[in-house]
Peer 1: 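Below is one structure. I have some questions about it.
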2 protein chains.
Amino acid sequence: MATATTNSTRDQLFHTASQMFCEKGFHATSIRDIAERVGIQGGSIYSHFESKDDLLWSIVQHAADRFFSAIRPVAGADMGITQKLRKAVITHAEVITSDLDAAAVYTVEWRHLSPERRAEVTKLRDEYESIWRTMVDQGIREGYLAASDAAGASRFILSSLNYLFTWFRPDGPLTAEEVGTLIADYTFDGLRRRTV
Amino acid sequence: MATATTNSTRDQLFHTASQMFCEKGFHATSIRDIAERVGIQGGSIYSHFESKDDLLWSIVQHAADRFFSAIRPVAGADMGITQKLRKAVITHAEVITSDLDAAAVYTVEWRHLSPERRAEVTKLRDEYESIWRTMVDQGIREGYLAASDAAGASRFILSSLNYLFTWFRPDGPLTAEEVGTLIADYTFDGLRRRTV
DNA sequence: CCTACCGATCGGTAGG
DNA sequence: CCTACCGATCGGTAGG
């Protein structure tokens, strides 16, 4: 009832693994731990995933997809850069807050992937960051942003966003949109009071 | 020559473990991996540390100590809140950049500690954050900061700082102090150009 | 999807 | 600090 997804065994394994990798980390979670939580035997996992690495990979890929699918329409939208950047921050925040486990696994556990896949994730991250750099660049060129270095500024924006999964709780005082708005305010306006 | 520390076997184990825990993660690094890099047998580690958990714990404790020792004099200094907050940001950045491995282990691997020690680290983090909250609170009261929520603002400051270990490289274009200054500028002034 | 099993590796210890 | 070993657990497989 809580999640309205298919609920096939494969989906259950996927979501349970996502939870446990987030909770305890990839290597501290055994294939048997996951199987037990889903109610099957350890070996049975291998009729759904070829390896533990494959299981992690599918989670990481899915998370990456969500970030790209969410940001692309914003980056390509026909709107002023001021509003676009705000919208982008709020969108990224919503991707994280709507699946904290996935965000955590994507941010910290991806490095336990096989070397080839780790390289693939690095490439995806660069690609994602370059979407941000393009927006920030435009902001600088149009005189909206004061930052001199688009790469550094992009990293700054993404830092506070990517830290979200460590402290945001759905049952906390802030909604997902409020938290995105707050980060956007802090990021662009700064903490210092603007003298009138 | 590079590090002028004691270079006792214990120190070598400590630093090698710090490096490898950072590189591959705690559970992906075996006691034998560390021993081999130092040039001793796996079992010999246990004449220097009681357990693998103890080894991680000593690294985490040392990292925590460095943060506290650096921030306390700043927090207690007799200076204006404007300068104090800037100084605090630069100081935190310097603790991270001067030992990236330690910062990474402290930030991501601490959760693989035994439950009791994990709880202890959580307590330390809260304590550290409360030092920041006190400074931010003062900044708000004195009208220097526009933020309404000291806890949220503190978290925002620490987010971009704590992401430093993922991208800062000593051989990169920025020095440790430059990076601290840049983050302080972005954090307090924001990315948006202030209209004159 | 289960039972039963594989080789490999793990953290840790005893005894020197 | 080493040699030699311990039980436990790991990811993964075969055969049904």
Side-chain angles (χ1 to χ4, degrees), chain A residues 5-61 105 108-118 121, chain B residues 5-61 105 108-118 121:
Chain A
T5 42
T6 340
N7 245 26
S8 67
T9 302
R10 198 196 133 96
D11 283 354
Q12 283 186 61
L13 287 169
F14 181 95
H15 285 111
T16 305
S18 187
Q19 267 174 43
M20 301 189 78
F21 290 164
C22 165
E23 237 177 75
K24 318 201 297 167
F26 179 71
H27 280 113
T29 306
S30 78
I31 228 70
R32 285 162 182 81
D33 288 337
I34 301 166
E36 195 190 12
R37 196 113 117 193
V38 168
I40 62 176
Q41 292 299 313
S44 304
I45 284 197
Y46 294 90
S47 46
H48 296 98
F49 296 92
E50 278 194 6
S51 65
K52 200 188 174 188
D53 190 73
D54 263 60
L55 182 45
L56 176 58
W57 179 232
S58 69
I59 295 169
V60 166
Q61 272 187 308
V105 173
V108 355
E109 303 301 326
W110 67 279
R111 66 207 186 93
H112 297 118
L113 247 10
S114 70
E116 305 77 32
R117 286 169 168 177
R118 210 177 338 171
V121 175
Chain B
T5 41
T6 340
N7 245 26
S8 68
T9 301
R10 199 196 132 97
D11 283 354
Q12 284 186 60
L13 286 169
F14 180 95
H15 286 111
T16 305
S18 187
Q19 267 173 43
M20 301 189 76
F21 290 165
C22 166
E23 237 177 75
K24 319 201 296 167
F26 179 71
H27 279 113
T29 305
S30 78
I31 228 70
R32 284 161 182 81
D33 289 337
I34 302 166
E36 195 191 13
R37 197 113 120 193
V38 168
I40 61 175
Q41 293 299 313
S44 303
I45 285 197
Y46 294 91
S47 45
H48 295 98
F49 296 92
E50 276 194 8
S51 65
K52 198 186 174 191
D53 190 73
D54 262 59
L55 181 45
L56 175 59
W57 179 233
S58 69
I59 295 169
V60 166
Q61 272 186 309
V105 172
V108 357
E109 302 300 327
W110 68 277
R111 67 208 185 93
H112 297 118
L113 248 9
S114 69
E116 303 79 30
R117 287 171 169 176
R118 210 176 339 172
V121 175

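Scope of the values below: all heavy atoms of this structure, side chains included, with no hydrogens, waters or symmetry mates. Because the structure is a prediction, the values reported are computed rather than measured. Below, chain A is the first sequence line, B the second, and so on; all start at residue 1.
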Peer 1: Quick one: does B:Asp53's side chain have a donor or acceptor within less than 3.5 Å of a partner on B:Leu113's backbone?
Peer 2: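 A pair under 3.5 Å: no.
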Peer 1: Roughly how many Å is it from CG in B:Asp54 to P in C:dG12, rounded to a whole number?
Peer 2: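 Spelled out: CG on B:Asp54 to P on C:dG12 is 9 Å.
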Peer 1: To the nearest Å, give me how far apart CD (A:Glu36) and P (C:dC1) are.
Peer 2: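 In whole Å, C:dC1 P lies 16 Å from A:Glu36 CD.
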Peer 1: Can you tell me how far P of C:dG11 sits from CG of B:Leu13, to the nearest Å?
Peer 2: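 The distance from CG of B:Leu13 to P of C:dG11 comes to 14 Å, rounded to the nearest Å.
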Peer 1: Ignoring backbone atoms, test whether A:Ser30 places a side-chain nitrogen or oxygen under 4.0 Å from the OP1 or OP2 oxygen of D:dC10.
Peer 2: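 Affirmative; the distance criterion is met.
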Peer 1: If you check the B:Ile40 side chain, which of D:dC2, D:dG12, C:dG12 turns out closest?
Peer 2: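 My answer, after comparing the listed nucleotides, is D:dC2.
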Peer 1: For B:Ile31 and C:dT13, what is the distance between atoms CD1 and P respectively, to the nearest whole Å?
Peer 2: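 Roughly 11 Å, once rounded to whole Å.
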Peer 1: Is B:Asp11 close to B:His48 at the side-chain level, that is, under 4.5 Å between some pair of heavy atoms?
Peer 2: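 Side-chain contact under 4.5 Å: no.
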Peer 1: Using whole Å, what does the distance between atom C1' of nucleotide C:dG12 and atom CD1 of B:Ile45 come to?
Peer 2: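 Distance check: B:Ile45 CD1 to C:dG12 C1' gives 11 Å.
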Peer 1: Hey, can you tell me if A:His112 and A:Phe26 have their rings parallel, tilted or perpendicular (30° and 60° cut-offs)?
Peer 2: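 Answer is parallel, since the angle falls under 30°.
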Peer 1: Are the side chain of B:Thr29 and the backbone N or O of B:Gly25 linked by a donor-acceptor pair below 3.5 Å?
Peer 2: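 Yes, the answer is positive, given that a donor and an acceptor are paired below the 3.5 Å cut-off.
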Peer 1: For the residue pair B:Phe14 and B:Val38, establish whether any side-chain heavy-atom pair is separated by less than 4.5 Å.
Peer 2: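 In short, these two side chains do not touch, never coming nearer than 4.5 Å.
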Peer 1: Can you tell me if B:His27 touches the phosphate of D:dC10, counting only side-chain N or O atoms and a distance under 4.0 Å to OP1 or OP2?
Peer 2: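 B:His27 to D:dC10 OP1/OP2: no side-chain N or O under 4.0 Å.
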Peer 1: Would you mind checking if B:Glu109 and B:Arg117 are paired as a salt bridge, meaning a charged N to carboxylate O distance below 4.0 Å?
Peer 2: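 Salt bridge absent between B:Arg117 and B:Glu109.
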Peer 1: Around atom CD of A:Glu23, are there more than 12 heavy atoms of other residues, nucleotides or ligands at under 6.0 Å?
Peer 2: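 Yes, because the 6.0 Å sphere around CD of A:Glu23 holds more than 12 heavy atoms from other groups.
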Peer 1: Over how many whole Å does the gap from B:Arg10 atom CZ to D:dC1 atom C1' extend?
Peer 2: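 Value for this atom pair: 16 Å.
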Peer 1: Measure from CD on B:Gln12 to C1' on D:dC1 and round the result to the nearest Å.
Peer 2: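 Going from CD in B:Gln12 over to C1' in D:dC1 covers 14 Å.
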Peer 1: Below 3.5 Å is the cut-off: list the nitrogen or oxygen pairs between protein and nucleotides 3-6 of chain D, distance only.
Peer 2:
none

Peer 1: Are the side chains of B:Asp33 and B:Thr16 in touch, meaning some heavy atoms are under 4.5 Å apart?
Peer 2: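 No, their side chains stay 4.5 Å or more apart.
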Peer 1: Do B:Leu55 and B:Ile34 have side-chain heavy atoms sitting under 4.5 Å apart?
Peer 2: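 In short, these two side chains touch, coming nearer than 4.5 Å.
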Peer 1: Taking for each residue the nucleotide of DNA chain D with the nearest heavy atom, is it A:Asp33 or A:Glu50 whose nucleotide lies nearer the 5' end?
Peer 2: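 On the 5' side of the pair lies A:Asp33.
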Peer 1: Between B:Ser51 and C:dG11, is there a contact of a side-chain N or O with OP1 or OP2 at under 4.0 Å?
Peer 2: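 For C:dG11, OP1/OP2 do not have a side-chain N/O of B:Ser51 under 4.0 Å.
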Peer 1: Rounded to whole angstrom units, what separation is found between the NZ atom of B:Lys52 and the C1' atom of C:dT9?
Peer 2: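 Result: 12 Å.
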Peer 1: Dot-bracket for DNA chain C, please, read 5' to 3', with Watson-Crick or G-U wobble pairs under 3.5 Å on both distances, ( ) within the strand, [ ] crossing, | other strand, . unpaired.
Peer 2: ||||||||||||||||
